[in-house]
Amino acid sequence: MTSRRTSKTLATVLGVSAAAIAISSVAAATTAPPGSEGGAAAGGGGELIDLGTFALDPPEHIDPALNTTLDAYQVINALYDGLTDIDSTDPSSPVVVPDLATSYESNEDASVWTFQIAEGLAFSNGEPILPSTFKRSWERAAMLAGDYSYLMNFIEGGAEMFSADPDGTGPEEAPPAATELSGVVADDEAMTLTVTLSAPYANFPAVAGFQLFFPMPEEADAAGADYENQLMIGNGPYAMESARSDEVIVLVKNESWDGDFNGDTWDQRPDRIEFRVSADADTSYNALEAGEGDTARIPSGRTAEAQENWGTTTDVPIMGSYYFQINDRDPRIGGPDNLLLRQAISQAIDREAINDAVFDGARSVATGIVPEGIPGFMADLCSYCGYDPEAAQAAFDEWVAAGNELTEPLPIQYGAGGVHGDVVAIIVDNLSQIGIDAQGEELTTETYFSSMADGSCVICRSGWIADYPTYDNFMYDLFHSDALNGNNYGFINDEFDALVDEAKATTDEETRDSLFNQAEELLLNTQIGAIPLLFYRGDYAFNAERLQGFTQSPLMLIPWERITIVE
């Protein structure tokens, strides 16, 4: 098969800087190992045993249409390539590039996008990948109605595909209003995929490369939601050796892969990757120390130790936020009457103490939801994110004086395992100092996020790593009403929605950034719908004597194909 990338050109993106349209399906730029040339290095092959990716529980989903977690995306991203990718050769200035598409372009207002699909593409089983493959795959994703399906709202006819009751007037059991994406036209003869959006969206090429929009083989249609429990077929650098289990997921080199967006096939990549499931981060790390694997997550309080004894990724700044969301629909914490209570909670939390005690100071205190590095980032945007127990006490006292009271402890929810329990314990203690009665509520990790999406959130721990480094990936995906019961666990505000919608449709970068800043200020200062805590940094320890090229991207993904095992 001839390389599809030798003639690729960068697409023209209307009115958007390159840094603003990156996507998360790319591996970080890494320096090729000594002796390498064009992605090939001396030695290589072999087996990599990963103990860090699933250091808490097995993943709930590994189907691109259903998954919402970064951990599972590490596997998905090794199995699939998308329409676009991101070149992070310069991590401070990522550039969106075509991948399975050879090029793309939009009309003047960015409401219609046309992707030219490369010739000769195929899944690892030989099934051709055509423009119609994408249309069919996107319709499958919409019909499965996973937590990311709200992204189909970007496309004309998308909302009708996954909503059984788009107008709120029909019975809940009604079938979807449509079974086809009316805004997508696939021409297999011309090899073009034309996408008409429901509203202008300058960042759509970034979204089009995200996992929800990955191509899927025909057998995935018949299998439906059960496909992820079978031997999944992909088109990326790796293929599944066998169906997943609760103990392990095994990938092997896809020999028919024709390379990344540069055409590099990284032939010395590991032959086999075994993702083992651990009970928790300590178990994962202890297994690394015992020589049972090559990578592990760094447990709470052991960052300095890991840095001394292992290679780590703690020097990698990550475009992600660790925060707690407020469910505005819960009468104990939501609504205008409880605004002062939410303010008191945010100001009572000692974020520096959490960072020092739980993460050995390896993360940084958040000053908002959107992290530095995202185009449009504004420093110190949050008015109530600083530790101020006196102001917190005054706000809580004023809330009580207005006739409010807590009749039971406020639940602060988190997924079991990892460091979250340690974080919540500090928060509970902080709140007790000003008279707020709260208690941690540990929930099963495997179903935690699905439960929060279904409305169980009160004050619930969340973490978000950019799917693609754009401002709207934090504002729209996490807090817009379109994402309610998906990645939005309960923030509802029409003014916020209007600001985000206007920003997404704006092609002028400066105006767009200003609108997003206004939306974030409304979220954090006017409504206090979320409580930012920390910004992420890399969190893996690895055997540096055995693995070359191991790193995490600014989007926290590991470029498995760029790793070389040195025996």
Side-chain angles (χ1 to χ4, degrees), residues 1-27 29 38-39 77 80-90 93-123 128-138 151 154-156 181 183-197 200-216 235-237 257-265 375 467-470 507 509:
M1 181 183 299
T2 58
S3 172
R4 65 181 180 271
R5 296 173 178 84
T6 54
S7 63
K8 282 191 174 180
T9 58
L10 294 181
T12 301
V13 182
L14 177 64
V16 186
S17 70
I21 54 175
I23 67 169
S24 64
S25 60
V26 70
N77 199 48
Y80 294 94
D81 286 340
L83 281 174
T84 58
D85 212 327
I86 173 71
D87 182 355
S88 294
T89 303
D90 179 0
S93 183
V95 180
V96 71
V97 292
D99 194 357
L100 300 185
T102 59
S103 64
Y104 54 82
E105 62 182 2
S106 76
N107 63 348
E108 186 174 353
D109 71 349
S111 63
V112 179
W113 291 85
T114 301
F115 297 84
Q116 187 71 41
I117 309 301
E119 303 273 356
L121 301 176
F123 291 101
I129 298 175
L130 304 167
S132 58
T133 305
F134 289 95
K135 178 177 171 64
R136 175 181 52 74
S137 300
W138 296 4
L151 292 177
F154 294 160
I155 301 173
E156 189 175 273
L181 282 172
V184 179
V185 176
D187 187 335
D188 288 349
E189 184 174 345
M191 292 298 288
T192 57
L193 185 73
T194 303
V195 185
T196 300
L197 305 181
Y201 184 31
N203 285 341
F204 183 70
V207 179
F210 183 54
Q211 62 177 329
L212 186 76
F213 300 93
F214 282 166
M216 300 296 289
N235 66 318
W257 183 54
D258 62 348
D260 62 15
F261 58 85
N262 280 324
D264 291 334
T265 54
D467 296 319
Y468 25 86
T470 65
T507 57
E509 189 172 353

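Gln116 places a side-chain N or O within donor-acceptor distance of the main-chain N or O of Ala190, the cut-off being under 3.5 Å. Side-chain atoms of Asp260 come within 3.5 Å of backbone N or O of Asp264 as a donor-acceptor pair.
Note: Phe204 and Trp113 have tilted aromatic rings, judged against thresholds of 30 and 60 degrees for the angle between ring planes. Between Phe154 and Tyr201, the angle of the ring planes lies from 30° to 60°, which puts this pair in the tilted group.
Scanning both residues, Asp109 and Ser111, for their nearest heavy atoms gives OD1-OG, 2.6 Å. Contact between Pro205 and Ala202 at its shortest, heavy atoms only, is CD-O, 3.8 Å. Across Thr84 and Ala206, no two heavy atoms sit closer than the pair OG1-O, 4.4 Å. Heavy-atom minimum distance, Pro375 versus Pro469: CD-O, 3.5 Å.
Contact check for Phe214 versus Asp81: no side-chain heavy atoms found under the 4.5 Å cut-off. Using a 4.5 Å heavy-atom threshold, the side chains of Glu156 and Leu197 count as separate. The shortest side-chain heavy-atom distance between Pro215 and Asn235 falls under the 4.5 Å cut-off. Side-chain contact check for Leu193 versus Val184: some heavy-atom pair is nearer than 4.5 Å.
Partner of Tyr104 under the side-chain contact (heavy atoms from CB on, under 4.5 Å) criterion, out of Thr114, Val96, Ile117, Thr192: Val96 alone.
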Intermediate values then yes/no, side-chain contact (heavy atoms from CB on, under 4.5 Å), Thr133 and Phe123: CA-CA 11 Å; Thr133 305; Phe123 291 101; 4.0 Å; yes
Do Phe115 and Glu105 pass the side-chain contact (heavy atoms from CB on, under 4.5 Å) test, and can you show the C-alpha distance, the side-chain angles, and the key distance before you say yes or no? CA-CA 7 Å; Phe115 297 84; Glu105 62 182 2; over 6 Å; no
Please lay out, stage by stage, how Thr196 and Ile155 fare under the test side-chain contact (heavy atoms from CB on, under 4.5 Å). CA-CA 6 Å; Thr196 300; Ile155 301 173; over 6 Å; no
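Arg136 contributes atom CZ, which lies 13.0 Å from atom CG of Leu181 (distance to the nearest 0.5 angstrom). Expressed to the nearest 0.5 Å, how far CG of Asp85 lies from CG of Asn262 amounts to 9.5 Å. The CG atom of Leu100 sits 6.0 Å away from atom CG of Leu83, with the distance rounded to the nearest 0.5 Å. Distance check: Ser137 OG to Phe213 CZ gives 11.5 Å after rounding to the nearest 0.5 Å. Between Ser132 atom OG and Met191 atom CE the span is 8.5 Å, to the nearest 0.5 Å.
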